[in-house]
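Written below as structure tokens is the structure these notes are about.
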Amino acid sequence: MSNPDLHTTLVVVGAGMAGYATALQAAQAGHDVILLEKQDETGGSSAMSGGCLAFAGTDLQTANGVEDSSELLFKDLREVGKFENDENLVRAYVDNQLDTYEWMKQAGVQFGPHVETSSGQSVPRVHNVDPADAVRALAAAAKRTGHVQLMTSTQALRLVRDPREGHVIGVTVQRDGACFKVLASHGVVLTSGGFVQNAELIHRYAPQYNEDTAVFIGGAGNTGDGLKMAQQLGADCRDMLYIKGTYGKHPTDDTNHHSLLAVYKGAIAVNQDGKRYVDESISYKLLGDACIQQPYSATFQIFDQAIFDSGDNQTRILDIERRHEEGLVIQADTLKALADSIEVPAAVLVDTVATYNRHVDAGHDAEFGRAHLVHQHGKLVKIETGPFYAYPSTAAVYGTYCGLCVDAAMRVLDVYGAPIAGLYAAGEVVGGLHGAAYMTGSALGKAAIFGRIAARTALAG
């Protein structure tokens, strides 16, 4: 009977943005890759995302009159993460981001014509893609190399170590009811995503987020497989404390998976009592935490016609018009009528808006210290021109933004800080980049950037 095991140069576990970036980088250097995906389709959470990538100093920013730099990106990433992130990982992201942007374009990824400002950004830095199309473009580029073998409906079960030297040499997998090994001369890269679909792990690490308080959205395969496989070998983890929901998900609409952040265009957030409760310019992860603590774990984004008109239909989280067309935005001619429609005390909402407008005129938000539209960008605007709008909002856990400890070369580290030979990781399964909060675009950004780094490191070994 023949040996059913497969042999290659590099095994990559998970076929989302990080997996395809890893595979393509390796294949472009002439190496053979087996890319494993346990679902019957590729893309994972990457294809379901908002399609934002955070890059700095690009030609697209220049075309839009935006001045940005790697150092400002580094500063913003560290600040939004409240300096809980790994400085070396942040530096790895920043030092490789511009080259990765150009590399993605060369691979066929299409970026939208505009850049926008969002969570954690001091200047417009959101580079937009259709996320499913972006993954497909990398997949097509990988296929063209002739070096990437994709195996869908193939679940990785355990990592395989060399019995004598101990380094990782492959994975045991299951496909069509059969178990076999996929072995690689240069090790394994875990790009298997997070664990947003694993209720047990979510409860273990973030008990404040449950089915009664939050919405959970992500790839069906994101159940923590890669995390657990690496933990079995002694891998350390970090940032588990900082699992957070993203603010702005409509609490009752199941047809739209994306958040709306009208607050980043000037809206205010009010609770069921019609009162503000937070500085709306902070990271939407921190806004999610604040929302969860409010009555019914749901609040409203309140804005006027001018803010409505400032939305950007090229950026999903800022596309107010689309949400309105979908019937999700509540509209009224007056604030009182709007309050009646959303069943909050009318007098309180009218007073809340009036007080906020006075803060804007005075140049200082005396209640919550809001100074900008988002992070350190944008001048505050008043809410005064009817009609007026409300967008019901809760927190959605789109990803876990925590995971395995890695060094700047994407080598997985054990609990003593030593690399586990032959094991690398990239994408959502990796912790350490985001820290306490999150910059828009850094999740897809790190998937592509860290995937390329992981491939280079593995193949150099």
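- Between the side chains of His324 and Gln331, a donor-acceptor pair is found at a separation under 3.5 Å.
- Side-chain contact check for His377 and Thr117: at least one donor-acceptor pair (N or O, by modelled atom type) lies under 3.5 Å.
- Judged by a 6.0 Å distance limit and a 45° cone about the ring axis, Lys446 is not positioned over the six-membered ring of Tyr93.
- Looking only at atom types and distance, the side chain of Ser192 has no donor-acceptor partner in the side chain of Asp225 under 3.5 Å away.
- Residues Asn85 and Arg78 have side chains that bring a donor and an acceptor to within less than 3.5 angstrom of each other.
- In this structure, Arg452 pairs ionically with Asp99, as a charged nitrogen and a carboxylate oxygen lie closer than 4.0 Å.
- One side chain, Gln61 or Asp68, offers a donor N or O that lies under 3.5 Å from an acceptor on the other.
- Using a cut-off of 4.0 Å between Lys/Arg side-chain N and Asp/Glu carboxylate O, Arg358 and Asp361 are scored as not salt-bridged.
- Using a 4.0 Å cut-off between charged side-chain N and carboxylate O, Arg125 and Asp76 make a salt bridge.
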Stepwise, does the side chain to side chain donor-acceptor pair (under 3.5 Å) test hold for Tyr247 with Thr299?
CA-CA 10 Å; Tyr247 182 63; Thr299 65; 2.7 Å; yes
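- Using a 4.0 Å cut-off between a side-chain N of Lys or Arg and a carboxylate O of Asp or Glu, Glu116 and Arg316 do not qualify as a salt bridge.
- At a threshold of 4.0 Å, the pair Glu200-Arg204 counts as salt-bridged, since one of the basic side-chain nitrogens sits closer than that to a carboxylate oxygen.
- Remark: Leu286 CG to Ser281 OG distance equals 10.0 Å, nearest 0.5 Å.
- No hydrogens or angles considered: nothing links the side chains of Tyr356 and Asp365 as a donor-acceptor pair under 3.5 Å.
- Between the CG atom of Leu36 and the OG1 atom of Thr42 there is a distance of 13.0 Å, given to the nearest 0.5 Å.
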I'd like to know whether Tyr284 forms a side chain to side chain donor-acceptor pair (under 3.5 Å) with Thr440, so could you lay out the CA-CA distance, the side-chain angles of the two residues, the decisive distance to 0.1 Å, and finally the verdict. CA-CA 9 Å; Tyr284 46 44; Thr440 300; 3.0 Å; yes
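- A donor-acceptor pair shorter than 3.5 Å cannot be found between the side chains of Ser119 and Lys285.
- A salt bridge links Lys75 with Glu79; the closest basic N to acidic carboxylate O contact falls under 4.0 Å.
- Thr100 contributes atom OG1, which lies 5.0 Å from atom CD1 of Ile449 (distance to the nearest 0.5 angstrom).
- The cationic atom of Arg91 (NZ for Lys, CZ for Arg) lies less than 6.0 Å from the six-membered ring centre of Phe74 and within 45° of the ring axis.
- Tyr438 and Tyr401 have their aromatic ring centers within a separation under 6.0 angstrom.
- Looking at Tyr424 and Thr22, their side chains never bring a donor and an acceptor atom within 3.5 Å of each other.
- A donor atom on one side chain and an acceptor atom on the other are found under 3.5 Å apart for Tyr389 and Gln305.
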Side chain to side chain donor-acceptor pair (under 3.5 Å) evaluation trace for Asn222 with Ser45
CA-CA 8 Å; Asn222 280 27; Ser45 289; 3.0 Å; yes
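- A salt bridge does not link Glu84 to Lys82: none of the charged nitrogens lies less than 4.0 Å from a carboxylate oxygen.
- Atom CD1 of residue Ile292 and atom OG1 of residue Thr394 lie 4.5 Å apart, to the nearest 0.5 angstrom.
- Here the CD atom belonging to Gln301 is positioned 12.0 Å from the CD1 atom belonging to Ile330, to the nearest 0.5 angstrom.
- Judged by distance alone, the side chains of Thr58 and His127 do bring a donor and an acceptor atom under 3.5 Å apart.
- The pair Lys105-Glu102 meets the salt-bridge criterion, with a side-chain N (NZ, NE, NH1 or NH2) lying under 4.0 Å from an Asp/Glu carboxylate O.
- With salt bridges taken as basic N to acidic carboxylate O contacts below 4.0 Å, none links Asp319 and Arg323.
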